[in-house]
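Below you'll find the structure, written out as structure tokens, and then a few comments.
In the text below, chain A, chain B and the rest are named by the order of the sequence lines, each starting its count at 1. Note that this is a predicted model, so its numbers are computed, not measured.
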Amino acid sequence: MDILRGFKDILPQEMRKWQKLEKIARETLELFGYKEIRTPILEKTTLFSRGVGETTDIVEKEMYTFLDKSGESITLRPEGTAGAVRAYISNHLENYPFKKFYYIGPMFRYEKPQKGRLRQFHQIGIEVFGVQDPSVDAEVVYVDKIMLDKLGLTDLRIEVNNIGCPNCRPKYMKSLKNYFEKYREELCDDCKNRLNRNPLRILDCKNKTCRNIASNAPKIHEFVCDNCKTHYEAVKENLSKINVEFEENPHLVRGLDYYTKFVFEIITDKLGAQGTVSAGGRYDNLVEELGGKPTCGIGFASGCERLIELIDLGDNQSIDYYFACLEDYTTCLKLAKELADKLNKTTYIEYENRSLKSMMKKADKMNANFVVIYGKNEKEKGIVIVKDMKKSTQKEVKIEKFLENEVEKWQ
RNA sequence: GUGAGUAUAGCUCAGUUGGCAGAGCACCAGGUUGUGGCCCUGGGGGUCGUGGGUUCAAGUCCCACUACUCACCCCA
């Protein structure tokens, strides 16, 4: 029986990275006042088609959409923002003191799998509602960056751009279209298509010729309205003030329609073609478009699988006590229970019927600090042998005195 | 959706002009009759991705299919 294409088991060997990732993410985000929210993995299809945008690739060809038993069209969430916004509206979270949220969970997109790209993948993301002030844009970038720093990631680059709003972007799109129309014949096939559907995307094309043409294309900064312009400039100023280094990339484009004004990406060179580790921006019209009161918003999403690839666990996995049990397991279980209860130590009781030698080997492989040996001899004498694996010393301890002895050791 | 590459032990991979299925690591056991790491010896594990074809003979050559990987695309 094979696993589904683009889906992956996360095995215990890898789990420690996930636990570290989630722990650090939670700690960092909570530190800045963000509260966790968990929204359903399934939502009505219209939430995403309206939220993410009818003509986006995600909606057009990547969603897991099907009919439930009542005939309603439902979709496995392809991203987290739409669901968070829906939850914000339907739970009236505008009346809740905290307007900063974070989520961690699986997302689904029917894409061709590749390095850093799966059909079920996980994202950590944040959303802030109702704050217009450009300093919050800077906060969001900063929080993202600091989270990645704490995960020990290096060589990351932050790119930012202004993509305008529904007032000014159409003008820019029109100008872009006119410009590229002149070079229609030279553009790659994909870009010929983009010309009609979304000329913005041509800016992002990797084809050399298209790139050359795009380098002289009109710049959005010449078209954005005063509101967008002053906002964007203020965000950059704020970022500089809090010492967040960034580069402006006028060709930075988002594939989801809800973004407005300020957008950013955090990129690594270590993951090949899928180097964007984190990305986000403003979505000032999304809440209203999904039926809520006009409320602005901003957030980011990070790709967990991509982060996991970059996380390096320095130390090895270890365990405090390995119980090499040759006689009765119950006695060992009692001792292990005491260690867990009173000393908060990790234990592993060996239930496999192995030779002592093979158990010692196994303890060594598990990187055990101590081995408790309990066999026939020990049982007769009412003791256990506690061996210090690092020092290679051991001593006999009366079973009644075991806990006392260990408490002393860890003080 | 498009293109290229790959598919042999749990993992990483050798396998010559077609001629008995291999190594390293991991796992298990023994050397040490109850004590880890180093070392030595032995062992278990394979429908060579699947299905056809050519041939006395196919892991090897041919065809088809499937999966995986990378890139395009898209995005986190």
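A donor and an acceptor atom never sit less than 3.5 Å apart when one is taken from the side chain of A/Lys390 and the other from the base of B/G37. No N or O donor and acceptor, one from the side chain of A/Glu111 and one from the base of B/G1, sit under 3.5 Å apart. With hydrogens and angles left out, the side chain of A/Lys115 and the base of B/U69 share no donor-acceptor pair within 3.5 Å. Applying the 3.5 Å distance criterion, the base of B/U69 shares no donor-acceptor pair with the side chain of A/Gln114. Evaluation of atom-type donor-acceptor distances gives no pair under 3.5 Å for the side chain of A/Ser358 against the base of B/G36.
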message = Quick one, A/Glu36 with A/Tyr103, criterion side chain to side chain contact (heavy atoms under 4.5 Å, CB included). Give me CA distance, side-chain angles, the key distance, then yes/no.
response = CA-CA 6 Å; A/Glu36 182 167 4; A/Tyr103 58 83; 5.9 Å; no
query = Hey, mind stepping through A/Tyr34 and A/Tyr102 against ring-ring contact (aromatic ring centres under 6.0 Å, His included) and telling me if it holds?
reply = CA-CA 6 Å; A/Tyr34 291 78; A/Tyr102 74 91; 7.6 Å; no
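Remark: A/Arg117 is not in phosphate contact with B/C72, judged by side-chain N or O atoms under 4.0 Å from OP1 or OP2. A sub-4.0 Å separation between OP1 or OP2 of B/U66 and a side-chain N or O of A/Arg5 is absent.
Between A/Tyr351 and A/Tyr329, the distance separating the two ring centers is shorter than 6.0 angstrom.
Out of B/U2, B/U69, B/C74, the shortest distance to the side chain of A/Arg201 is found at B/C74. Distance from the side chain of A/Ala273 is smallest for B/A71 among the nucleotides B/A76, B/G34, B/A71. Residue A/Phe121 places its side chain closer to B/A76 than to any other of B/A76, B/G36, B/G30. The side chain of A/Lys387 lies closest to B/U35 when the candidates are B/C74, B/U2, B/U35. The side chain of A/Asn377 lies closest to B/G34, out of B/G36, B/A76, B/G34.
Residue A/Tyr110 is the one, among A/Tyr110 and A/Gly116, whose nearest nucleotide of RNA chain B lies closer to the 5' end (criterion: closest heavy atom).
Backbone-only engagement by A/Lys365 is indicated by non-hydrogen atom pairs under 4.0 Å involving sugar-phosphate atoms exclusively. The residue A/Gln274 sits close to a base: some heavy atom pair falls under 4.0 Å.
For the pair A/Lys99 and A/Phe129, the cation-pi test (distance below 6.0 Å, angle within 45°) is failed.
Across the P atoms, B/A21 and B/G34 are found 41 Å apart, a figure rounded to whole Å.
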